[in-house]
Amino acid sequence: MSPLEVWPGRPYPLGATWNGEGTNFAIFGENAAGVQLLLYDESGDTEPAAVIPLVEKSGHVWHCFLPDIRPPQLYAYRVHGPYEPEKGHRFNSHKVLLDPYAKAIDGSVRWDDALFGYTIGAKGEDLSYDERDSTPFIPKCVVTDPFFDWENDISPRRFWNETVIYEAHVKGLTRLHPEVDENKRGTYSGLIAPPVIEHLQQLGVTAIELLPVHHHLDDRLLIGKGLSNYWGYNTIGYFAPEASYSSMGSRGEQVLELKKMVKALHRAGIEVIL
């Protein structure tokens, strides 16, 4: 990657925000001594193609604007600071960190002891310090395109005494549904397939409450047993839709697909509760 222009940027909004001309990066770090923005090539598994030290800090937010960066750029952070567990500080710049405000995450956690800030099995247990690089084992954040034509979409906003809530799991609702296109079963698109919407309407459903659709990880214990976390409660990105529920992809396409799902349900008179 050729040298990039780095502008000061803004502390708000947090996360990575593309405005059509470049991307603003902002991350909170009250006790951090330094923050590095890592930009990755398409694989995301190797060392970063570029490392941008963030020198601008407003209050407790570190930020910059990169005019050359656009979706679907992969990124993450390294944060420097004190490693003083007894004081609540566990900064470890050997570990790659996800942006807590990322709008999309590509890939999944590949469990390895290098992911932990302390050394597994060490005499000092979680007070120890681990210097292994976690780059190959951590998924990467994605710069997303925020532009979407909602076509004047408005939530139905029914009164509570008129509300009938249907709780559902995005994957479980349609994964084996014979009337949903096979490539859309178990996805956001599958949930708005005509047979599914018709079924909800026939039941009199006015709101669908989805079990977690945030990007989550599969517990290490489960992976070791050849299992996975079906329910999705181990969230690692509260603003990032779970990529495995997307029929379109994971480089920001999951965000577009989720928005299309919400718009289609609203058109059908069905509210969406996350």
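Keep in mind that this is a model prediction, so the values were computed, not measured. All residue numbers in this chain count up from 1 along the given sequence.
- A side-chain donor from one of Asp219 and Asn229 sits under 3.5 Å from a side-chain acceptor of the other.
- A heavy-atom distance below 4.5 Å is found between the side chains of Arg90 and Asp126.
- Two different hydrophobic clusters hold Phe239 and Tyr233 under the rule that ILVMFWY side chains link at heavy-atom gaps under 4.5 Å.
- Few gaps surround NZ on Lys259; more than 12 heavy atoms of other groups in view lie less than 6.0 Å from it.
- With a 6.0 Å radius and a threshold of 12 heavy atoms from other residues, nucleotides or ligands, Arg175 has its CZ atom at or below the threshold.
- With contacts defined as side-chain heavy-atom distances shorter than 4.5 Å, the pair Ile27/Leu97 does not qualify.
- When the side chains of ILVMFWY residues are joined at heavy-atom separations under 4.5 Å, either directly or via intervening members, Val96 and Tyr129 end up in a single hydrophobic cluster.
- A donor-acceptor pair shorter than 3.5 Å cannot be found between the side chains of Thr17 and Asn24.
- A 4.5 Å side-chain heavy-atom check between Glu42 and Leu74 finds every atom pair outside the cut-off.
- Judged purely by distance below 3.5 Å, without hydrogens or angles, the side chains of Glu257 and Ser247 pair a donor atom with an acceptor atom.
- Between His169 and Tyr230, the two ring planes are parallel [angle under 30°; tilted spans 30° to 60°].
- Counted by atom type alone, Thr235 and His215 present zero donor-acceptor pairs between their side chains at under 3.5 Å.
- Using a 4.5 Å cut-off on side-chain heavy atoms (C-beta onward), Trp111 and Phe137 make no contact.
- Transitive grouping of hydrophobic side chains (ILVMFWY, heavy atoms separated by less than 4.5 Å) keeps Val35 and Val61 in distinct clusters.
- Within 6.0 Å of CZ on Phe159 lie no more than 12 heavy atoms contributed by other residues, nucleotides or ligands.
- Hydrophobic clustering (ILVMFWY, side-chain heavy atoms < 4.5 Å, transitive): Leu211 and Val262 are in distinct clusters.
- Environment of OH in Tyr101: sparse, with no more than 12 heavy atoms of neighbouring residues, nucleotides or ligands closer than 6.0 Å.
- Side chains of Tyr166 and Leu210 form no contact here, defined as non-hydrogen atoms less than 4.5 Å apart.
- Counted by atom type alone, Ser134 and Arg110 present zero donor-acceptor pairs between their side chains at under 3.5 Å.
- Judged purely by distance below 3.5 Å, without hydrogens or angles, the side chains of His214 and Glu242 never pair a donor atom with an acceptor atom.
- A 4.5 Å side-chain heavy-atom check between Thr119 and Asp113 finds every atom pair outside the cut-off.
- A heavy-atom distance below 4.5 Å is found between the side chains of Leu37 and Cys64.
- Summarising the local packing, CG of Asn161 is surrounded by more than 12 heavy atoms from other residues, nucleotides or ligands at distances under 6.0 Å.
- Separation of atoms CG (Leu191) and CG (Leu200) is listed at 7.0 Å; rounding is to 0.5 Å.
- Distance check, rounded to the nearest 0.5 Å: NE2 of His199 to NE2 of His177 gives 7.5 Å.
- The hydrophobic clustering, which links ILVMFWY residues whose side-chain heavy atoms are closer than 4.5 Å, places Phe148 and Leu265 together.
- Across Arg267, His266, Lys263, a single residue satisfies side-chain hydrogen bond (donor to acceptor under 3.5 Å, both in side chains) together with Asp153, and that is His266.
- Side-chain N or O atoms of Gln73 include none that pairs as donor or acceptor with a backbone N or O of Ile69 at under 3.5 Å.
- Remark: the backbone N or O of Ala268 is paired with a side-chain donor or acceptor of Gln201 at under 3.5 angstrom.
- No hydrogens or angles considered: nothing links the side chains of Trp160 and Glu162 as a donor-acceptor pair under 3.5 Å.
- Counting heavy-atom neighbours within 6.0 Å of Glu125 CD, excluding the residue itself, gives a total of 12 or less.
- Side chain of Arg78 to main chain of His94: a donor-acceptor pair is present (N/O by atom type, distance under 3.5 Å, no hydrogens or angles).
- In terms of modelled atom types and a separation under 3.5 Å, the side chain of Thr144 and the main chain of Pro146 share no donor-acceptor contact.
- Within a 6.0 Å sphere centred on OH of Tyr12, other residues, nucleotides and ligands contribute 12 heavy atoms or fewer.
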Worksheet item: Given Tyr83 and Phe91, is the ring-ring contact (aromatic ring centres under 6.0 Å, His included) satisfied, shown in steps?
Response: CA-CA 5 Å; Tyr83 193 82; Phe91 291 90; 9.2 Å; no
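- Because its NZ or CZ atom is both nearer than 6.0 Å to the ring centre of Tyr40 and within 45° of the ring axis, Lys140 counts as a cation-pi partner of that residue.
- In terms of modelled atom types and a separation under 3.5 Å, the side chain of Asp133 and the main chain of Thr135 share a donor-acceptor contact.
- Looking at heavy atoms from C-beta onward, His63 lies out of side-chain contact with Lys57 at the 4.5 angstrom threshold.
- Put simply, CG on Asp145 and CZ on Arg70 are 7.5 Å apart, with the number rounded to the nearest 0.5 Å.
- More than 12 heavy atoms of other residues, nucleotides or ligands lie within 6.0 Å of CG in Leu203, so this atom counts as buried by the packing criterion.
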